[in-house]
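In the text below, chain A, chain B and the rest are named by the order of the sequence lines, each starting its count at 1. We use all heavy atoms of the structure for the numbers below, so side chains are in, but hydrogens, waters and symmetry mates are not.
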Number of protein chains: 2
Amino acid sequence: MTLEPVAAHAPLELEHFLPYRLSILSNTVSQSIATEYQDRFELSMTEWRVMTILARFPEISAREVVDRSAMDKVAVSRAVARLVDAGRVDRGIHDGDKRRSVLKLSEAGWAIHDEVAPLARAHERELLARLDEGEQAQLNSILDKLLAL
Amino acid sequence: MTLEPVAAHAPLELEHFLPYRLSILSNTVSQSIATEYQDRFELSMTEWRVMTILARFPEISAREVVDRSAMDKVAVSRAVARLVDAGRVDRGIHDGDKRRSVLKLSEAGWAIHDEVAPLARAHERELLARLDEGEQAQLNSILDKLLAL
DNA sequence: TGCAATTGGTTACAAGTGAAACTATAACGT
DNA sequence: ACGTTATAGTTTCACTTGTAACCAATTGCA
């Protein structure tokens, strides 16, 4: 008594399923930017994220990087370790709380940042170029709503 | 002679950077769905994706799963192996091409699918509930443009 | 003061992942 | 028909990642 057995199961249509579409888009975009700096600077995506945070908020602790980045603390710890190792980040100790680190980009770190940041912005512009002004504004406002915890 | 040294470096503002926002949103959404089925069914995200593809397109080869899923072939191979192992997918061999597999969900596979799919759809609805009708339509059309290769 | 609970950060171990090498089959060109 | 090339899929190895355990410094409070 089962005509159209597949339809009876109501499979998801991935190509119209929002979470799936978001994931494809996000991966494509992030990856296309990442491949540019990964080879050139031997820089992982996590490391680059940490660097952008430190560029905007110098002299913060690893904990604050975690808070500001929505990354997990182990990932940050490892990224910072490698960045310090590579001489791209300077790590100090907080006065009055010896647990806390105080992180900032080194000269070398800034040099890389200043090369990669425009490149990332260019990718964003290229992506947004497919939308007109109105759509760009709509997208922003929609993302605001979806990201509001 | 460097006043405002940070501004001079023009750091990215992650919270307004589209690729970053997409990535946060996508990870949050996918993860919130995934945690529901991971514990309950011991099912990884990759395996679930393969299952959704097989639900929509039964009797296809692993190769076709790769093509339709934008996943990498090793990941698919492993996911399929585990699904077959767990009795959730039946694997046959293509007539006339012994290299190709012919995959489809087993009874047990369909049973899981039929539990998880509505759950995934509920998450999508919950997400979209934050937007009004017009915004939902805009988002769809914008995603269409951004995803058009 | 002293000791349990919390916090910043690292380490250890298991699981997951990707690139490249490999096996088996099929397709192609001569 | 036969050797070359291409394809489907798996395996291996090195690397990454996540979870939980851990250490050290700090806080809270009896």
If you check every side-chain atom of [X], which of [options] has the closest atom?
X	options	answer
A/Arg63	D/dT7, C/dG8, D/dT26	C/dG8
B/Lys73	C/dT10, D/dG18, D/dT10	D/dT10
A/Thr46	D/dA8, D/dT17, D/dA24	D/dT17
B/Asp97	D/dT16, D/dT11, C/dA26	C/dA26
A/Val74	C/dG16, C/dT10, C/dA20	C/dT10
B/Arg99	D/dT11, D/dT26, C/dA24	C/dA24
A/Ser61	C/dG9, D/dG9, D/dT11	C/dG9
A/Asp72	D/dA25, D/dT19, D/dT17	D/dT19

Calculate the interatomic distance between [X] atom [atom1] and [N] atom [atom2]; express it in whole Å.
X	N	atom1	atom2	result
B/Arg82	C/dA15	CZ	C1'	9 Å
B/Ile93	D/dA8	CD1	C1'	12 Å
B/Arg100	D/dT7	CZ	C1'	9 Å
B/Asp85	D/dT10	CG	C1'	14 Å
B/Asn27	D/dG18	CG	C1'	14 Å
B/Glu42	C/dG16	CD	C1'	15 Å
A/Gln31	C/dG18	CD	C1'	11 Å
A/His94	D/dT27	NE2	P	11 Å

Inset, instruction - Give one of base, sugar-phosphate or nothing for B/Ser101, where a contact means two heavy atoms less than 4.0 Å apart. - result: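 It contacts sugar-phosphate atoms only.
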Legend entry - Sugar-phosphate only, base, or nothing, as touched by A/Ser44 at under 4.0 Å among non-hydrogen atoms: nothing
Legend entry - Given A/Arg91, A/His94, A/Arg63, the one that forms side chain to side chain contact (heavy atoms under 4.5 Å, CB included) with A/Ser101: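 That would be A/Arg91.
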Legend entry - Base D/dG18 to side chain A/Arg78, donor-acceptor N/O within 3.5 Å cut-off: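 Looking at the base of D/dG18, it does pair with a donor or acceptor on the side chain of A/Arg78 (distance under 3.5 Å).
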Answer yes if [X] and [Y] sit in the same cluster of Ile, Leu, Val, Met, Phe, Trp and Tyr residues linked by side chain heavy atoms under 4.5 Å apart, and no otherwise.
X	Y	answer
A/Val84	A/Val74	no
A/Leu147	B/Leu131	yes
B/Leu128	A/Leu146	yes

Inset, instruction - Answer yes or no for B/Arg68 and B/Phe57: cation-pi contact, defined as NZ/CZ to six-membered ring centre under 6.0 Å and angle to ring axis within 45°. - result: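 Yes, a cation-pi geometry.
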Legend entry - Nearest-nucleotide comparison on DNA chain D, the residue closer to the 5′ end among A/Lys98 and B/Ala81: B/Ala81
